[in-house]
Amino acid sequence: MKIIGIDPGKTVGLVLYDKDNACALDAYQVQAGDEQLPQVMDIVDSWVAQGASIVAIEWPRIYAKAGNDVADTIAQCGMLWWALGARSMPDAAPVWLKKRSVYGYAVYRSTVCALLSGHMGQLVRSDGGVWAALIDIHGGRGKADGRKVGPFACLTGKPHARAALAVAWTASQSMV
């Protein structure tokens, strides 16, 4: 099963995760600008054509203080959700994205951390902790994070795509 993970923000991270082979097949980062949304949709449509059946997007929440960047990310997330074809707000159930013939999931950061914490048997909270847990789950240092080979080779130098991987992995474990 192929799952698209999206991490919205100034730089949008995207990953195509293969649940069956436990690896990232492809990854992108799309910088902010006038063409950001069309670029993201082109990538998503390309991956749907390659057999992706789920689009999981990190749904922003304000857990403490928030500024303009968080407000912009919230607005962008809504635009992405609409552009993907959703016509209702996300909840615990998948949303059928008729326009793309896939299911859409909203994944909260707290869900990512809780699921990884349970899987690892220890508290996972920070971006670094999430990445370390995903590395461990997928074969450990040297194998999973190899720069030329390994299940995450395509993520080298793409920190926003790493965040998208966390979203896709969470969807693969808890929602499908």
Side-chain angles (χ1 to χ4, degrees), residues 1-63 66 68-116 127 130-131 134 151-152 154-155 158-176:
M1 172 182 294
K2 294 178 184 175
I3 301 165
I4 299 168
I6 302 175
D7 175 48
K10 279 186 182 178
T11 301
V12 177
L14 298 120
V15 71
L16 180 61
Y17 180 72
D18 182 344
K19 177 184 178 181
D20 300 328
N21 294 305
C23 67
L25 300 173
D26 203 358
Y28 288 93
Q29 291 188 161
V30 179
Q31 302 300 320
D34 292 341
E35 297 299 315
Q36 187 182 45
L37 184 61
Q39 287 178 14
V40 169
M41 289 303 109
D42 287 347
I43 293 166
V44 168
D45 289 339
S46 168
W47 288 343
V48 169
Q50 294 176 40
S53 57
I54 292 171
V55 177
I57 186 168
E58 183 174 346
W59 202 259
R61 282 264 161 105
I62 298 172
Y63 296 102
N68 290 339
D69 287 346
V70 175
D72 291 344
T73 299
I74 290 168
Q76 179 197 52
C77 191
M79 280 191 334
L80 286 168
W81 194 244
W82 182 264
L84 288 167
R87 295 302 178 255
S88 63
M89 291 299 288
D91 59 15
V95 173
W96 178 246
L97 305 175
K98 183 177 180 182
K99 182 177 179 183
R100 288 179 169 74
S101 299
V102 297
Y103 283 100
Y105 290 95
V107 176
Y108 298 103
R109 177 66 175 200
S110 58
T111 306
V112 172
C113 292
L115 190 61
L116 282 169
D127 288 345
V130 167
W131 179 240
L134 289 169
F152 297 158
C154 66
L155 299 173
K158 298 174 185 158
H160 297 279
R162 288 179 177 184
L165 172 69
V167 172
W169 181 84
T170 300
S172 79
Q173 300 298 304
S174 63
M175 300 177 191
V176 290

For this session: Tell me, with the steps shown, if Gln29 and Leu14 meet side chain to side chain contact (heavy atoms under 4.5 Å, CB included).
Result: CA-CA 6 Å; Gln29 291 188 161; Leu14 298 120; over 6 Å; no
Problem set entry | Steps toward side chain to side chain contact (heavy atoms under 4.5 Å, CB included) verdict (Val112, Val107) | CA-CA 7 Å; Val112 172; Val107 176; 3.7 Å; yes
Problem set entry | Within 6.0 Å of CG in Asn68, more than 12 heavy atoms from elsewhere | no
Problem set entry | Val70 side chain near Pro60 side chain, heavy-atom distance below 4.5 Å | no
For this session: Calculate, to the nearest 0.5 Å, the distance between atoms OG and CG belonging to Ser53 and Leu97 respectively.
Result: 11.5 Å
Exercise. In Å and rounded to the nearest 0.5 Å, what is the CG to CH2 distance from Leu80 to Trp59?
Worked result: 9.0 Å
For this session: Could you pull out the closest heavy-atom pair between Gly9 and Gln76, with the gap in Å?
Result: N-OE1, 2.5 Å
For this session: Evaluate the side chain to side chain contact (heavy atoms under 4.5 Å, CB included) criterion for residues Cys113 and Val130: first the C-alpha distance (whole Å), next the side-chain angles of each, then the deciding distance (0.1 Å), finally the verdict.
Result: CA-CA 7 Å; Cys113 292; Val130 167; 4.2 Å; yes
For this session: Locate the shortest heavy-atom distance separating Ala168 from Ile4; write the atom from each residue and the value.
Result: CB-C, 4.4 Å
Problem set entry | Value rounded to 0.5 Å, distance of OG1 in Thr111 from CD in Glu58 | 10.0 Å
For this session: Would you check if Leu116 and Leu134 make a side-chain contact, meaning some heavy-atom pair closer than 4.5 Å?
Result: yes
Exercise. Do Trp131 and Phe152 pass the ring-ring contact (aromatic ring centres under 6.0 Å, His included) test, and can you show the C-alpha distance, the side-chain angles, and the key distance before you say yes or no?
Worked result: CA-CA 11 Å; Trp131 179 240; Phe152 297 158; 5.4 Å; yes
Exercise. Is any side-chain heavy atom of Asp45 closer than 4.5 Å to a side-chain heavy atom of Trp47?
Worked result: no
For this session: Would you name the heavy atoms of Ala161 and Ala27 that are closest together and state the gap between them?
Result: CB-CB, 3.8 Å
Exercise. Just how far is it from atom CG of Asp72 to atom SG of Cys77, taken to the nearest 0.5 Å?
Worked result: 12.5 Å
Problem set entry | Partner residues of Trp96 under the ring-ring contact (aromatic ring centres under 6.0 Å, His included) criterion, sequence neighbours left out | Tyr103
Seminar exercise, completed: Closest non-hydrogen contact found for Asp18 with Asp20 is OD1-N, 3.0 Å
Exercise. Arg87 side chain to Trp82 main-chain N or O, any donor-acceptor pair under 3.5 Å?
Worked result: yes
Exercise. With a 4.5 Å heavy-atom cut-off, do Val167 and Ile6 have their side chains touching?
Worked result: no
For this session: Would you mind reporting whether Val12 and Tyr28 have side-chain heavy atoms less than 4.5 Å apart?
Result: no
For this session: Using a 4.5 Å cut-off on heavy atoms from C-beta on, say whether the side chain of Tyr17 contacts that of Leu25.
Result: no
Problem set entry | From CE (Met79) to CD (Gln36), nearest 0.5 Å | 7.5 Å
For this session: Indicate yes or no: at least one non-hydrogen side-chain atom of Ile57 is less than 4.5 angstrom from one of Pro8.
Result: yes
Seminar exercise, completed: Taking every heavy atom of Ala56 against every heavy atom of Ala171, the minimum-distance pair comes out as CB-CB, 3.7 Å
Problem set entry | From CD1 (Ile3) to OG (Ser172), nearest 0.5 Å | 4.5 Å
For this session: Evaluate the criterion side chain to side chain contact (heavy atoms under 4.5 Å, CB included) for residue pair Thr11 and Val30; output intermediate values, then yes/no.
Result: CA-CA 6 Å; Thr11 301; Val30 179; over 6 Å; no
Problem set entry | Sidechain N-carboxylate O distance under 4.0 Å for Lys10, Asp69 | yes
For this session: Determine whether Met1 and Ile54 make a side-chain contact, defined as any pair of heavy atoms from C-beta on separated by less than 4.5 Å.
Result: yes
Problem set entry | Atom CD of Gln50 with >12 non-hydrogen neighbours under 6.0 angstrom | yes
Exercise. Partners of Asp127 by salt bridge (charged side-chain N to carboxylate O under 4.0 Å, His left out), sequence neighbours excluded?
Worked result: Arg109
Seminar exercise, completed: Nearest heavy-atom approach of Asp34 to Pro38 is O-CD, 4.2 Å
Exercise. Taking only residues two or more places apart in sequence, or in another chain, which ones meet Asp42 in a salt bridge (charged side-chain N to carboxylate O under 4.0 Å, His left out)?
Worked result: none
